Amino acid sequence: MTGIAYVRGDATAPHGKGVKLIAHVCNDLGGWGKGFVLAVSRRWPEPEAAYRRWHRERAGNEFGLGAVQFVRVEPYVWVANMVGQRGIRTGSKGVPVRYEAIDAALVRVADKALEIGASVHMPRIGCGLAGGKWSRVEPLIAERLVGRGVPVTVYDHDA
């Protein structure tokens with residue numbers, strides 16, 4: 001038992017009351033155009049604009065693997081842009097997901113969730129276009145978030 005709630009639905013329409021933080025994985029190239037980010041952009045323009053600006057200005061900020069950018073999109077809803085993917089294609093170096101970067105980012109997400117009293121909502125991060133395995137990501141979520149008392153809901157989108 002991981003303490004993670006699994007539901008069918010859209011992670012951009014999180015269930016429950018109170019402050020909600022929607023966490024998802026981005027790449028380290030500044031690309032935003034496939035996968036879950038499209039659902040985020042359909043609902044709110046701010047996370048994409050903030051991510052692209054963050055990448056463009058990366059020489060003067062902390063943008064990179066393991067970094068997280070928090071964007072408030074509604075009074076009680078935040079989006080966490082987590083850089084947990086090296087590049088966008090599977091190639092000689094394997095799949096783009098970087099578990100150590102997701103792990104580092106989840107520590108920051110937990111800190112923010114505890115600071116603002118939020119529950120965390122996400123798709124199966126790192127397991128779509130990034131090519132990761134849920135069996136590797138789920139224990140990180142259980143340790144970094146659930147283990148610190150942060151309620152987590154994972155959404156499986158109906159196809």
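Because the structure is a prediction, the values reported are computed rather than measured.
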Inset, instruction - Mind running side-chain contact (heavy atoms from CB on, under 4.5 Å) on I116 and Y76 for me, showing each step along the way? - result: CA-CA 10 Å; I116 64 176; Y76 298 101; over 6 Å; no
Legend entry - Closest contact, heavy atoms only, A101 versus G84: CB-CA, 3.9 Å
Legend entry - Closest non-hydrogen atom pair, P123 against A23: CD-O, 3.6 Å
Legend entry - Any donor-acceptor pair under 3.5 Å from N61 side chain to W54 backbone: yes
Legend entry - For N27, side-chain hydrogen bond (donor to acceptor under 3.5 Å, both in side chains) partners two or more places apart: Y51
Legend entry - Distance, nearest 0.5 Å, that separates SG of C26 from CD1 of I88: 13.0 Å
Inset, instruction - Using atom types as modelled and distance alone, determine if a side-chain donor or acceptor of R72 lies under 3.5 Å from a backbone N or O of P75. - result: yes
Legend entry - For A105 against A67, the heavy-atom pair lying closest together: CB-O, 4.4 Å
Inset, instruction - Quick one: closest heavy-atom pair of H157 and D10, and the distance? - result: CD2-CA, 3.9 Å
Legend entry - Path from V97 to I141 over hydrophobic side-chain contacts below 4.5 Å: yes
Inset, instruction - May I ask you to test the L129-P96 pair for a side-chain heavy-atom distance under 4.5 Å? - result: no
Inset, instruction - Following the transitive rule for hydrophobic clusters with a side-chain heavy-atom cut-off under 4.5 Å over Ile, Leu, Val, Met, Phe, Trp and Tyr, establish whether V7 and V146 coincide in one cluster. - result: no
Inset, instruction - Working to the nearest 0.5 Å, report the span between CG of L21 and CG of L114. - result: 10.5 Å
Legend entry - Same cluster (ILVMFWY, side-chain, under 4.5 Å), V137 and V68: yes
Inset, instruction - Decide whether V107 and V25 are clustered together by the hydrophobic rule: side chain heavy atoms of Ile, Leu, Val, Met, Phe, Trp, Tyr closer than 4.5 Å, transitively. - result: no
Inset, instruction - Verify side-chain contact (heavy atoms from CB on, under 4.5 Å) between V77 and W44, making sure each step is shown before the conclusion. - result: CA-CA 11 Å; V77 179; W44 308 285; 4.1 Å; yes
Inset, instruction - Look at the side chain of E100 and the backbone N and O of I102, then say whether any donor-acceptor pair between them is shorter than 3.5 Å. - result: no
Inset, instruction - For H121, check ring pair (Phe, Tyr, Trp, His ring centres under 6.0 Å) against everything at least two apart and list the hits. - result: Y155
Inset, instruction - Would you check if the side chain of Y99 reaches a backbone N or O of K133 as a donor-acceptor pair within less than 3.5 Å? - result: yes
Inset, instruction - Indicate yes or no: does R86 engage D28 in a salt bridge with an N to O separation below 4.0 Å. - result: yes
Legend entry - Parallel, tilted or perpendicular: rings of H24 and F36 (30°, 60°): tilted
Inset, instruction - Under the side-chain contact (heavy atoms from CB on, under 4.5 Å) rule, what do I4 and E138 come out as? Steps first, then yes or no, please. - result: CA-CA 9 Å; I4 300 169; E138 184 185 48; 3.8 Å; yes
Inset, instruction - To the nearest 0.5 angstrom, please state how far the CG atom of N81 sits from the CZ atom of F63. - result: 9.0 Å
Legend entry - Nearest heavy-atom neighbours spanning P14 and A11: CD-O, 3.7 Å
Inset, instruction - State whether the side chain of K34 and the backbone N or O of W32 hold a donor-acceptor pair below 3.5 Å, judged by distance alone. - result: no
Legend entry - Straight-line distance of I125 CD1 to M82 CE, nearest 0.5 Å: 3.5 Å
Inset, instruction - Kindly determine whether R144 and V150 satisfy side-chain contact (heavy atoms from CB on, under 4.5 Å), including the steps that lead there. - result: CA-CA 9 Å; R144 300 300 182 195; V150 177; over 6 Å; no
Legend entry - Smallest separation among heavy atoms of M122 and L145, with atom names: CE-CD1, 3.9 Å
Inset, instruction - Examine distances only and state if a side-chain atom of R43 and a backbone atom of T12 form a donor-acceptor pair shorter than 3.5 Å. - result: yes
Legend entry - Interatomic spacing from NZ in K112 to CH2 in W78 - rounded to 0.5 Å: 4.0 Å
Inset, instruction - Would you kindly confirm whether V83 and V79 end up in one hydrophobic cluster when ILVMFWY residues are joined by side chain heavy atoms under 4.5 Å apart? - result: yes
Inset, instruction - Can you measure from CD (Q69) to CZ (R53) and round to the nearest 0.5 angstrom? - result: 7.0 Å
Inset, instruction - Return yes when atom CZ of R136 has more than 12 non-hydrogen atoms of other residues, nucleotides or ligands closer than 6.0 Å, and no otherwise. - result: no
Inset, instruction - Find out whether H55 and R58 are in side-chain contact, i.e. whether some heavy atom of one side chain is under 4.5 Å from a heavy atom of the other. - result: yes
